[in-house]
Amino acid sequence: MDRKNYTEIVERYSNNLYKIAISYCKNRYDAEDILQTVFVKLLQADEGFESDEHLKRWLIRVTVNCCKDFCSSFWKRRTMGMDEARNEGEWNFPTSEQSTLYEQVMRLPQKYRLVIHLYYYEEYTVKEIAEILGIKETTVQTQLMRGRKKLESELKEAQYEW
């Protein structure tokens, strides 16, 4: 892979991959490390990518796998709260409602958080998410349904606290 092409790929996909990594590990510094690992793996990859979409799916799959490896490793460090991450300008939404909603999504259990992020924020279909994560479509649908229900109850609960 030539330097120009590699730089273009990094610039095009780093923001999306970073958001996925942060949604998975909830820590800015760990997400940055994971992103570096993903792009090193891209340099080492012998795989010929059929299209930009194939490349993007490969990058997301590698990012998810690196996140899983990191989160299950012995060396996992403390996690940074979402308030700290938001203060560093990583989450920019047009309205405060969208920002609040995303914060609630980030508080969901990891299995719901990831599929909701891919479905609503990355705009993948259920079938595409299943392929990326290597799980069944029905599992994705179930996780989306349960995640939505949990998110709805969390939002109602948060509303009563105000």
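Every value quoted in this text rests on a predicted model; they were computed, and no experiment measured them. Side chains included, hydrogens not; waters and symmetry mates left out as well; all remaining heavy atoms used. Numbering starts at 1 and runs along the sequence shown.
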Q) Under the side-chain contact (heavy atoms from CB on, under 4.5 Å) criterion, do E11 and T7 qualify, and how do the steps go? A) CA-CA 6 Å; E11 288 174 1; T7 304; 3.6 Å; yes
Name each donor-acceptor pair under 3.5 Å that joins a side chain in residues 48-62 to protein atoms two or more places apart or in another chain, with its distance.
from : atom 1 : to   : atom 2 : distance (Å)
S51  : OG     : E53  : N      : 3.4
S51  : OG     : H54  : N      : 3.2
E53  : OE2    : R57  : NE     : 3.4
H54  : ND1    : E50  : N      : 3.1
H54  : NE2    : E47  : OE2    : 3.4
R57  : NH1    : E131 : OE1    : 2.8
R57  : NH2    : E128 : OE2    : 2.8
W58  : NE1    : E47  : OE1    : 3.2
R61  : NE     : N65  : OD1    : 3.4
R61  : NE     : I132 : O      : 3.1
R61  : NH1    : I132 : O      : 2.5
R61  : NH1    : L133 : O      : 2.8
R61  : NH2    : N65  : OD1    : 2.5

Distance-only check: which donor-acceptor pairs under 3.5 Å involve side-chain atoms of residues 138-150, not counting sequence neighbours?
from : atom 1 : to   : atom 2 : distance (Å)
T142 : OG1    : T138 : O      : 2.8
R148 : NE     : Y120 : OH     : 2.7
R148 : NH2    : Y120 : OH     : 3.2

Q: Could you go through the side-chain contact (heavy atoms from CB on, under 4.5 Å) check for C67 and Q110 one step at a time?
A: CA-CA 11 Å; C67 289; Q110 183 275 322; over 6 Å; no
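- Note that CD of E122 is 4.0 Å distant from NE2 of H117, once rounded to the nearest 0.5 Å.
- Annotation: side chain of I20 is in contact with side chain of L118 (closest heavy-atom distance under 4.5 Å).
- In this structure, L151 CG and L101 CG are separated by 5.5 Å, a value rounded to the nearest 0.5 Å.
- The structure places CD of Q36 at 11.5 Å from OG of S14, a figure rounded to the nearest 0.5 Å.
- Within the 4.5 Å cutoff, no side-chain heavy atoms of L43 are placed close to those of F39.
- Remark: Y119 OH is loosely packed, at most 12 non-hydrogen atoms of other residues, nucleotides or ligands lying under 6.0 Å away.
- For Q104 and R107, the side-chain atoms include at least one donor-acceptor pair closer than 3.5 Å.
- R28 places no side-chain N or O within 3.5 Å of a backbone atom of I22 that could act as its donor or acceptor partner.
- Salt bridge status for E8 with K4: absent, with no side-chain N to carboxylate O gap under 4.0 Å.
- Nearest heavy-atom pair, A130 versus K136, reported as atom, atom and distance to 0.1 Å: CB-C, 3.9 Å.
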